[in-house]
Undergrad: 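Can you keep this structure in mind? I'll have questions shortly.
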Amino acid sequence: MPELPEVETYRRFLDEVVLHQPITAFEVRDAHVLGTDEETLRQRLVGQHVTGTRRIGKNCFLELSDGSALALHFGMTGDVNAYRHDHDAPRFTRVALHLADGMRVAFIDPRKFGRIRHAESVDHYQKDKRLGPDALEVTATHLQQRIGTKKMMIKPLLLDQGITAGLGNWIVDEVLFQARIHPERRGNTLTTKEFTALHSAIQLVLSTAIGHEATYRHFPASFLIHAREWDDSATPGTEQHRFCPRHPKTEIEKSYVGGRATYICPRCQPAPIEAE
DNA sequence: CCTCATGTTACTCC
DNA sequence: TGGAGTAACATGAG
């Protein structure tokens with residue numbers, strides 16, 4: 001479920017497993033996830049080692065000893081893990097990096113929307129993909145400059161990786177709930193105060209999620225995420241999770257905004273007045 | 001059988 | 001050019 005917090009968790013994991021180990025082989029089990037030609041990747045990887053890891057939004061980078069980088073994007077279902085023996089390779093392993101110490105790093109992706117690419121540098125990739133600044137780095141002023149002039153709805157604007165990188169569907173819902181802003185508000189109707197609230201909410205949600213290593217059921221009860229259908233923290237039958245954390249009698253509403261499933265509290269997040 | 005899904009991109013049309 | 005809407009991608013889960 002790779003949004004920014006998951007990808008940050010993956011990055012930290014990779015940082016512990018892969019650093020400074022020479023890469024001995026590049027194993028491709030399903031070339032569908034390759035965004036760069038297999039032979040090119042093999043040639044650029046084998047014999048080198050990873051000098052550091054980076055992350056911009058939902059993209060994770062392994063920086064290589066020649067200054068170039070391996071860029072990992074996890075799509076909707078991507079994951080990483082490590083194993084030692086071929087028969088222990090996780091289900092849906094699509095690609096594996098073999099390391100000199102015998103460890104193998106699996107790029108796992110059931111749905112195969114993820115991609116592995118080679119980039120001349122992280123900066124090069126960021127420009128190429130038109131990635132905005134990472135959501136943890138972004139300022140309230142930047143948000144106001146990039147969003148405050150747009151007529152589009154705030155939810156799709158926050159999902160736009162070119163404005164700020166790393167916010168995905170559930171995080172945007174959580175951020176808007178914490179900031180008490182309705183997802184269909186137009187960018188150019190938000191006040192400076194609301195941009196400040198947005199910025200704080202982004203910090204709160206991301207730092208909380210990273211702090212819990214993106215394990216949703218450990219999130220505070222004040223979070224909207226517990227209302228999402230796939231949240232398993234609610235005891236079946238209690239239906240507590242269907243209500244707003246701040247308004248125990250107000251039911252969380254599900255709708256579609258910009259084609260994406262969207263959850264709001266109608267009391268915390270008043271709908272914009274349809275006019276003008 | 002059917003519907004839905006955390007992301008991204010490429011189209012269409014106005 | 002901007003913006004809205006939609007399909008497509010590939011597959012598992014319920």
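Lettering follows sequence order; numbering is per chain, from 1.
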Undergrad: Taking only the side-chain heavy atoms of A:Pro110 (C-beta and beyond), determine which of C:dG12, B:dC4, C:dG3 contains the nearest atom.
TA: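 Looking only at heavy atoms from C-beta outward on A:Pro110, the closest nucleotide is C:dG12.
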
Undergrad: Which part of the nucleic acid, if any, lies within contact of A:Arg130, taking any heavy atom under 4.0 Å across all strands shown: a base, the sugar-phosphate backbone alone, or nothing?
TA: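 Nothing: the residue A:Arg130, judged by heavy atoms under 4.0 Å, touches no strand.
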
Undergrad: Provide the Watson-Crick or G-U wobble partner of B:dT6, both distances under 3.5 Å; none if there is no partner.
TA: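 Because no pair has both required distances under 3.5 Å, B:dT6 counts as unpaired.
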
Undergrad: Between A:Leu159 and A:Arg111, which residue's closest nucleotide on DNA chain B lies nearer the 5′ terminus?
TA: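 Between the two, 5'-proximity favours A:Arg111.
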
Undergrad: For B:dA5, does either OP1 or OP2 sit under 4.0 Å from a side-chain N or O belonging to A:Arg260?
TA: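 Answer no for this pair, as no side-chain N or O of A:Arg260 is under 4.0 Å from OP1 or OP2.
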
Undergrad: For B:dG7, does OP1 or OP2 lie under 4.0 Å from any side-chain N or O of A:Arg115?
TA: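 Looking at the OP1 and OP2 atoms of B:dG7, neither is under 4.0 Å from any side-chain N or O of A:Arg115.
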
Undergrad: Same hydrophobic cluster for A:Leu190 and A:Val205, using side-chain heavy-atom links shorter than 4.5 Å among ILVMFWY?
TA: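 Yes, A:Leu190 connects to A:Val205 through the hydrophobic network.
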
Undergrad: Okay, side chain of A:Thr36, backbone of A:His118: is any donor-acceptor separation there less than 3.5 Å?
TA: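 The answer is yes, because a donor-acceptor pair under 3.5 Å joins these two groups.
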
Undergrad: Counting only side-chain nitrogens and oxygens, does A:Lys58 get under 4.0 Å of the OP1 or OP2 atom of B:dG7?
TA: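 True: A:Lys58 side-chain N/O within range (under 4.0 Å) of B:dG7 OP1/OP2.
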
Undergrad: Given the rule in the salt bridge (Lys or Arg N to Asp or Glu O under 4.0 Å) test, do A:Arg12 and A:Glu16 qualify, once you have shown the distances and angles that lead to the verdict?
TA: CA-CA 7 Å; A:Arg12 293 177 183 182; A:Glu16 289 189 0; over 6 Å; no

Undergrad: Can you check the A:Leu167 CG to B:dT8 C1' distance for me, whole Å?
TA: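 For the pair A:Leu167 CG and B:dT8 C1', the rounded distance is 15 Å.
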
Undergrad: Could you tell me whether the phosphate oxygens of B:dT8, OP1 or OP2, come under 4.0 Å of any side-chain nitrogen or oxygen in A:His73?
TA: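 Indeed, a polar side-chain atom of A:His73 lies that close.
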
Undergrad: By a 5.5 angstrom centroid cut-off and a 30 degree plane limit, is there stacking between A:Phe113 and B:dT8?
TA: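 No; centroid distance or tilt outside limits.
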
Undergrad: Sticking with atom C1', work out how far C:dG12 lies from B:dT9, rounded to a whole angstrom.
TA: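 Taking atom C1' in both C:dG12 and B:dT9, they lie 22 Å apart.
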
Undergrad: What I want to find out is whether A:Asp173 reaches A:Arg260 closely enough, with some N-O distance under 4.0 Å, to be called a salt bridge.
TA: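 Salt bridge flag = no for A:Arg260 with A:Asp173.
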
Undergrad: Tell me whether the ring of A:Phe74 lies stacked over the B:dG7 base, given a 5.5 Å limit on centroids and a 30° limit on the plane angle.
TA: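 Taking the rule of under 5.5 Å and under 30°, the ring of A:Phe74 does not stack on B:dG7.
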
Undergrad: Tell me the partner of C:dA10, counting only Watson-Crick (N1-N3 plus N6-O4 or O6-N4) or G-U wobble (N1-O2 and O6-N3) with both under 3.5 Å; none if nothing fits.
TA: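 Paired with C:dA10, as far as the under-3.5 Å criterion goes, is no nucleotide at all.
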
Undergrad: Think A:Lys151 has a side-chain N or O under 4.0 angstrom from the OP1 or OP2 of C:dG3?
TA: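 No, A:Lys151 has no side-chain N/O under 4.0 Å of OP1/OP2 on C:dG3.
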
